[in-house]
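Below: the structure, in structure tokens.
All values derive from a computational prediction rather than experimental measurement. Hydrogens, waters and symmetry mates are skipped; everything else that's a heavy atom, side chains included, is used.
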Amino acid sequence: MTKARLLRLSVVLVSIFMILLIIVYWDNVGTAHFYLHTSFSRPHSSGAIPGITAGEDWEALPDVDEFLAKLLSSSLKQNSSMPRKTEQLLVQGSNKPVVSNLEENVRGYDWSTHNDRNSLDQEKLQIERQKTLREFCANSSFTFPSKERSFDDIPNYELNHLIVDDRHGIIYCYVPKVACTNWKRVMIVLSESLLDQGVPYRNPLDIPREHVHNTSTHLTFNKFWRRYGKFSRHLMKIKLKKYTKFLFVRDPFVRLISAFRSKFELENEEFYRRFAIPMLKLYSNHTNLPTSVSEAFGAGLKVSFSDFIQYLLDPRTEKLAPFNEHWRQVYRLCHPCQIDYDFIGKLETLDEDAAYLLQLLKVDRLLRFPPSYRNRTASSWEDNWFAKIPLAWRQQLYKLYEADFVLFGYPKPENLLKD
């Protein structure tokens, strides 16, 4: 009888172990082997899992985390010698893509070279950006909503902007209107998450825009629960320790101008129905509006920038639903006080930052970052765009986006906040 019980117990334990092993291999988490080894990332002792420091941090892991981490470490050794189809030299002189999207067609790409703009001390720049972020996250006198919560307190649906590439050990938090279309294309190429006639894409600009923004294309943290159930948070934490994490940000007011131009100055059926119609009714006193954006534009019915600012400041807006991702604050999208980012890029230095990041990730021989738009919204436009916005509104708007200004080192726009 005792032997039978021991046998059943052994079968159960082996089954549990195999299930965990299958979970790990199914997600292919062990294939990550790239990590930033620079002065602004923590050094790793030999034999340690990249991103998990020896001593206190390792011992502080819960038992399940430690068990999974060891599994990941063992699978890493097995997979590190496996050949990778993606790791091929960049094909020089690839053809420029046919631009089919309305926004890309209107704005166009800047194909000029920027090799002469490498004078920035990138490593020093990253140290300064991370220092600023960490100091204000630790400053108890600087507060904003959700600052004090832990990573465990963040709901799954708020982790939907964290894209994971398990093949190269990269996590990218995308911020709309901050070159996210092209960074998503880069992540697709690296992760091989999208095929073209059975073959993974090699050139980011070959990937159609409609596929880039299809949520099914990317593995994001909010999908972990469906895959791993109660182990999802444990795996997230391990990946956050192991993988290289980056995001790109932009001057908050300029980002708002860019969002307005993209979603309300160009014909966009979805944004017209979801946002423009309510704005026109609430703030411009229009009634009986056309049902389609083409009819509205034909009749000269467009949301003004003033309408848009009123919408952002209206307390009723977020009682109905959270801000759309195109104008939601970065601290709400990427949780920079809960996630320790290894690299902080800025749109204002996009070309330099992108080139440096791809080198650090050791993928610069696989692809090039796509060129910028020629007609990109510039910081110098702020004065003109806000000229007709009342001072009180500008001041309220700054308070709404103050955390993004401060955390990422953007100067307070004093010229817009004073008479």
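To the nearest 0.5 Å, atoms CD (Q395) and CD1 (I389) are separated by 13.5 Å. Separating the CD1 atom in I339 from the SG atom in C137 is a distance of 11.0 Å, to the nearest 0.5 Å. Interatomic distance, CD1 of I207 versus CG of L194, reported as 6.5 Å (0.5 Å rounding).
Put simply, the side chain of T220 never gets that close to the backbone of L162: no donor and acceptor are under 3.5 Å apart. The backbone N or O of V178 sits nowhere less than 3.5 Å from a side-chain atom of R250 that would complete a donor-acceptor pair. In this structure, the side chain of Q338 engages the main chain of S146 through a donor-acceptor pair within 3.5 Å. With hydrogens and angles disregarded, no donor-acceptor distance shorter than 3.5 Å links the side chain of H326 to the backbone of S262. The backbone N or O of L190 lies less than 3.5 Å from a partner atom in the side chain of R167, making a donor-acceptor pair. Distance alone, capped at 3.5 Å, is enough to place a donor-acceptor pair between the D404 side chain and the Y331 backbone. A donor-acceptor distance shorter than 3.5 angstrom exists from the side chain of S191 to the backbone of M187, with no hydrogens or angles considered. When atom types are taken as modelled, the side chain of Q329 and the backbone of A403 share no donor-acceptor pair closer than 3.5 angstrom. In this structure a side-chain-to-backbone donor-acceptor pair under 3.5 Å is missing from E267 to F297. A donor-acceptor pair is defined here as one N or O able to donate and one able to accept, closer than 3.5 Å; such a pair exists between the side chain of R129 and the backbone of I344.
In the model, D342 has no side-chain atom that pairs as donor or acceptor with a side-chain atom of Y243 under 3.5 Å. With no hydrogens or angles considered, no side-chain donor-acceptor pair links N214 and T217 at under 3.5 Å.
Residues R255 and R328 approach most closely at NH1-O, 2.8 Å, considering heavy atoms. Considering all non-hydrogen atoms of both residues, P290 and E295 come closest at CB-CB, 3.6 Å. The minimum heavy-atom distance linking T132 with V406 is given by the pair CG2-O, 3.7 Å. Nearest heavy-atom pair across F369 and N182 is CZ-CB, 3.7 Å. The two atoms that bring L416 and L391 nearest to each other are O-CD1, 3.7 Å, heavy atoms only. Closest approach of H218 to V212, counting heavy atoms only: NE2-O, 2.8 Å.
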Output, in order, the C-alpha distance, side-chain angles, deciding distance and verdict of salt bridge (charged side-chain N to carboxylate O under 4.0 Å, His left out) for R332 and E325.
-> CA-CA 9 Å; R332 296 170 63 187; E325 63 179 1; over 6 Å; no
Given the rule in the side chain to side chain contact (heavy atoms under 4.5 Å, CB included) test, do F221 and L240 qualify, once you have shown the distances and angles that lead to the verdict?
-> CA-CA 11 Å; F221 266 10; L240 287 171; 3.9 Å; yes
After noting the C-alpha distance and the side-chain angles of R185 and D206, does the key distance pass the salt bridge (charged side-chain N to carboxylate O under 4.0 Å, His left out) rule?
-> CA-CA 9 Å; R185 284 172 167 146; D206 288 342; over 6 Å; no
Could you go through the side chain to side chain contact (heavy atoms under 4.5 Å, CB included) check for D353 and L125 one step at a time?
-> CA-CA 10 Å; D353 289 355; L125 199 59; 4.3 Å; yes
Dump the intermediate steps for side chain to side chain donor-acceptor pair (under 3.5 Å) on R273 and S292, then the final yes or no.
-> CA-CA 8 Å; R273 292 182 179 180; S292 72; over 6 Å; no
Evaluation steps, side chain to side chain contact (heavy atoms under 4.5 Å, CB included), between M279 and Q310 = CA-CA 9 Å; M279 288 184 204; Q310 286 186 80; over 6 Å; no
Step by step, work out the salt bridge (charged side-chain N to carboxylate O under 4.0 Å, His left out) result for R394 and E414.
-> CA-CA 10 Å; R394 283 180 254 156; E414 299 286 1; over 6 Å; no
Take N139 and S141 through the side chain to side chain donor-acceptor pair (under 3.5 Å) test and state the conclusion after the steps.
-> CA-CA 5 Å; N139 187 342; S141 63; 2.5 Å; yes
N268 vs L266, side chain to side chain contact (heavy atoms under 4.5 Å, CB included): CA-CA, chis, key distance, verdict = CA-CA 6 Å; N268 186 309; L266 299 176; 5.8 Å; no
Audit row: K184, H213, side chain to side chain donor-acceptor pair (under 3.5 Å) steps and yes/no = CA-CA 8 Å; K184 284 182 178 181; H213 295 296; 3.2 Å; yes
Checking side chain to side chain donor-acceptor pair (under 3.5 Å) for the pair H168/D165: CA distance, chi angles, key distance, verdict?
-> CA-CA 6 Å; H168 299 87; D165 167 24; 2.9 Å; yes
Test ring pair (Phe, Tyr, Trp, His ring centres under 6.0 Å) on F253 and F405 and set out the steps.
-> CA-CA 9 Å; F253 279 5; F405 276 99; 5.1 Å; yes
Output, in order, the C-alpha distance, side-chain angles, deciding distance and verdict of ring pair (Phe, Tyr, Trp, His ring centres under 6.0 Å) for W183 and F246.
-> CA-CA 11 Å; W183 277 117; F246 77 94; 5.1 Å; yes
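Ring-plane geometry between F271 and F275 is classed as tilted, the angle between the planes lying from 30 to 60 degrees on a 0 to 90 degree scale.
Judged by a 6.0 Å distance limit and a 45° cone about the ring axis, R261 is not positioned over the six-membered ring of F305. Judged by the 6.0 Å distance and 45° axis criteria, K346 is positioned over the aromatic ring of Y410.
Using a 4.5 Å cut-off on side-chain heavy atoms (C-beta onward), D251 and E382 make contact. For the pair F144/E402, no side-chain contact is recorded, criterion being any heavy-atom separation below 4.5 Å from C-beta on. For the pair S304/K388, no side-chain contact is recorded, criterion being any heavy-atom separation below 4.5 Å from C-beta on. Put simply, the side chain of V189 does not reach to within 4.5 Å of the side chain of L366, judged on heavy atoms. Residues Q122 and L360 are not in side-chain contact: their nearest non-hydrogen atoms beyond the backbone lie 4.5 Å or more apart. You'll find the side chain of W393 reaches within 4.5 Å of the side chain of Q396, heavy atoms only. Between Y311 and D307 there is no side-chain heavy-atom pair separated by less than 4.5 Å. Contact of the Y157 side chain with the N222 side chain is not registered, since no non-hydrogen atoms from C-beta on lie closer than 4.5 Å.
Here F248 and Y174 keep their ring centres 6.0 angstrom or further from each other. Between W385 and F260, the ring center distance clears the sub-6.0 Å criterion. For F264 and F308, the ring centers sit closer than 6.0 Å to each other.
Salt bridge annotation for D166-K239: present, with a cationic side-chain nitrogen under 4.0 angstrom from a carboxylate oxygen. A salt bridge links D340 with R134: at least one charged nitrogen is closer than 4.0 Å to a carboxylate oxygen. Ion pairing between E128 and K131 fails under the 4.0 Å rule for side-chain N and carboxylate O.
Put simply, the residue from Y172, Y341, F343 that forms a side-chain contact (heavy atoms from CB on, under 4.5 Å) with K245 is Y341.
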